[in-house]
Amino acid sequence: MGAVYAALLKKAGHEVWAIDLWREHLDAIDRDGLQVSGASGTYVVDGIRIGHAPADAGPCDHWLVATKAADVDEVAAGIAPLLRPDDVVMPFQNGLGAGERVAAHIPEDQIVIGIAEGFGSSIPEPGGVHHNGMRLIRIGEMRGGLTERVQQIEKVWHDAGFNVRAFADLDEMIWEKFLCNVTLSAPTAAFDVTVGELMANPEAWGVAIGCMLEAYRLGIASGVTFSFDDPVRYVTDFSATIPNASPSMRLDHLARRRSEIDVINGQVPVRSRELGLEAPYNEALVAVLRERESRFPEPTIGSGSPT
């Protein structure tokens with residue numbers, strides 16, 4: 001997703017830095033431009049500047065943190081000494097807790113949460129990115145409220161070609177995407193299928209819906225106000241827009257990388273127990289995937305996705 005953001009924002013005329021540890025990917029972008037294919041078209045974006053740490057770019061108006069959840073602390077700590085009073089840090093992670101991880105290093109009043117849904121992005125080769133859709137970018141102030149700042153950011157993203165919506169209610173924004181994550185992440189990884197293949201298998205789709213309903217009950221019990229009354233229809237309509245997509249958790253397992261299971265499906269049983277609820281569907285899939293990941297090789301530098 002970092003590459004998708006970089007491509008469209010640069011194409012719209014902004015100065016953009018791509019910062020990552022994956023040297024082969026960045027070198028290809030620097031040499032040949034960023035090769036984009038998918039829902040936004042097929043094109044090449046030149047002029048993206050590259051770096052391997054936030055300090056390479058120096059102070060920036062708008063920091064987009066598109067790493068895996070496990071890397072947020074390190075990245076936020078690298079941004080913190082470069083931050084000016086009016087700069088904004090936007091974490092874009094799946095699951096729950098991204099804002100809190102950034103807030104351990106960055107003042108809350110400088111954090112705007114980002115949520116991407118319906119993109120199905122992947123990196124087919126170094127220097128390239130493909131995305132199956134681009135349904136919606138959700139943004140909201142860490143402290144809530146529909147501020148002038150978040151509306152200005154909404155306009156920047158809209159003008160760059162994104163379908164974007166600013167939210168006043170941060171919990172609604174995060175949890176509506178979380179339901180989709182829970183529905184598709186662990187199930188596609190466990191059954192080793194695309195979204196469309198998951199939906200076409202009644203038994204596997206039933207497991208996915210079971211995972212989602214546990215998360216929905218947890219959200220209601222936690223005081224979240226959803227914008228819909230039928231969660232099954234909501235996640236079904238969402239999933240139908242990206243039938244060819246493989247969620248990042250499945251891509252991680254195909255590459256034998258550790259996934260974000262702890263912040264997505266793994267959050268459901270943990271938080272459910274705190275409220276006296278049960279989450280057997282999520283517990284079972286989390287156990288399966290954690291056991292599988294225990295046999296994966298240790299991660300190496302250069303295997304991540306762009307920030």
Side-chain angles (χ1 to χ4, degrees), residues 1-54 56-57 60 62-69 71 75 90 92-94 114-137 157 160-164 184-185 188-189 192-197 241-260 299-307:
M1 282 306 301
V4 175
Y5 306 147
L8 289 173
L9 288 167
K10 176 59 180 176
K11 200 177 174 188
H14 300 283
E15 179 185 352
V16 174
W17 283 75
I19 300 170
D20 201 293
L21 298 176
W22 189 4
R23 292 182 179 275
E24 185 183 7
H25 185 56
L26 292 188
D27 288 346
I29 292 172
D30 191 41
R31 182 183 64 247
D32 304 320
L34 178 56
Q35 319 288 315
V36 183
S37 64
S40 65
T42 300
Y43 52 94
V44 178
V45 179
D46 294 311
I48 295 173
R49 305 183 72 178
I50 64 168
H52 301 289
D56 292 341
C60 295
H62 197 152
W63 293 93
L64 310 181
V65 183
T67 66
K68 296 289 190 180
D71 299 317
V75 172
M90 292 185 67
F92 273 87
Q93 277 72 45
N94 291 319
I115 300 284
E117 73 176 48
F119 279 76
S121 63
S122 60
I123 297 177
E125 59 185 359
V129 65
H130 177 81
H131 61 111
N132 292 298
M134 49 191 308
R135 180 174 175 174
L136 183 63
I137 295 288
W157 285 69
F162 293 93
N163 181 27
V164 57
L184 302 178
S185 295
T188 57
D192 191 19
V193 292
T194 64
V195 171
E197 290 166 342
T241 65
I242 49 171
N244 298 320
S246 287
S248 61
M249 195 173 295
R250 185 193 181 214
L251 295 177
D252 286 337
H253 276 241
L254 289 172
R256 294 181 61 77
R257 291 190 300 256
R258 304 290 176 91
S259 74
E260 295 179 299
T300 57
I301 291 177
S303 60
S305 58
T307 59

Student: Rounded to the nearest 0.5 Å, how far does OG1 of Thr67 lie from CD1 of Ile19?
Tutor: 12.0 Å
Student: What closest approach, in Å, do Gly127 and Ile29 show between heavy atoms, and which atom pair accounts for it?
Tutor: CA-CG1, 3.9 Å
Student: Write down the atom of Ser185, the atom of Pro247, and the distance for their closest heavy-atom approach.
Tutor: CA-CB, 4.3 Å
Student: Out of curiosity, Ser248 OG to Arg257 CZ, how far, rounded to the nearest 0.5 Å?
Tutor: 9.0 Å
Student: Is a side-chain N or O of Gln35 found less than 3.5 angstrom from the main chain of Gly33, in a donor-acceptor match?
Tutor: yes
Student: To the nearest 0.5 Å, what is the distance between CD1 on Ile137 and CE on Met1?
Tutor: 5.0 Å
Student: Hey, what do you get for NZ (Lys68) to OG (Ser259), rounding to the nearest 0.5 Å?
Tutor: 7.5 Å
Student: Going by side-chain hydrogen bond (donor to acceptor under 3.5 Å, both in side chains), name the residues that satisfy it together with Ser37, two or more places apart in sequence or in a different chain.
Tutor: His130
Student: Look at Asp252 together with Arg258 and state whether they make a salt bridge at an N to O cut-off of under 4.0 Å.
Tutor: no
Student: Given side chains that start at C-beta, do those of Val195 and Asn132 come closer than 4.5 Å, heavy atoms only?
Tutor: no
Student: Strictly distance-based, threshold 3.5 Å: is any side-chain N or O of Glu260 a donor or acceptor partner for the main-chain N or O of Ala69?
Tutor: yes
Student: Checking His25 side chain against Pro126 main chain: does a donor-acceptor pair fall under 3.5 Å?
Tutor: no
Student: Find the distance between CG (Asn244) and OG1 (Thr194) and round it off to the nearest 0.5 Å.
Tutor: 6.5 Å
Student: Compare all side-chain heavy atoms of Val129 with those of Phe119 and state whether any distance is below 4.5 angstrom.
Tutor: no
Student: Report yes or no: does Asn163 contribute a side-chain atom to a donor-acceptor pair with the main-chain N or O of Arg135 at less than 3.5 Å?
Tutor: yes
Student: List the steps and the verdict of side-chain contact (heavy atoms from CB on, under 4.5 Å) for Leu8 and Met134.
Tutor: CA-CA 11 Å; Leu8 289 173; Met134 49 191 308; 3.7 Å; yes
Student: Quick one: does any side-chain atom of His52 pair with a main-chain N or O of Leu21 as donor and acceptor, under 3.5 Å?
Tutor: no
Student: Report yes if some heavy atom in the side chain of His62 is under 4.5 Å from a heavy atom in the side chain of Leu9; otherwise report no.
Tutor: no
Student: Hey, could you give me each pair passing salt bridge (charged side-chain N to carboxylate O under 4.0 Å, His left out) that has a residue in residues 26-36? Not counting sequence neighbours.
Tutor: none
Student: Report yes if some heavy atom in the side chain of Glu197 is under 4.5 Å from a heavy atom in the side chain of Asp192; otherwise report no.
Tutor: no
Student: To check you understand the geometry: which heavy-atom pair defines the closest contact between Ala245 and Gly120, and what is its length?
Tutor: CB-CA, 3.9 Å
Student: What is the ring orientation for Tyr5 with Trp157, classed by angle as parallel under 30°, tilted 30 to 60°, or perpendicular over 60°?
Tutor: perpendicular
Student: I would like to know whether Ser122 and Leu251 meet side-chain contact (heavy atoms from CB on, under 4.5 Å); could you show each step before the answer?
Tutor: CA-CA 8 Å; Ser122 60; Leu251 295 177; 4.1 Å; yes
Student: If you look only at distance, which donor and acceptor atoms sit under 3.5 Å apart when one is on a side chain in residues 42-50 and the other is two or more places apart or in another chain?
Tutor:
{"from": "Tyr43", "atom 1": "OH", "to": "Ser40", "atom 2": "OG", "distance (Å)": "2.8"}
{"from": "Arg49", "atom 1": "NH1", "to": "Glu15", "atom 2": "OE2", "distance (Å)": "3.4"}

Student: Report yes if the side chains of Gln93 and Val65 come closer than 4.5 Å at any heavy-atom pair, otherwise no.
Tutor: yes
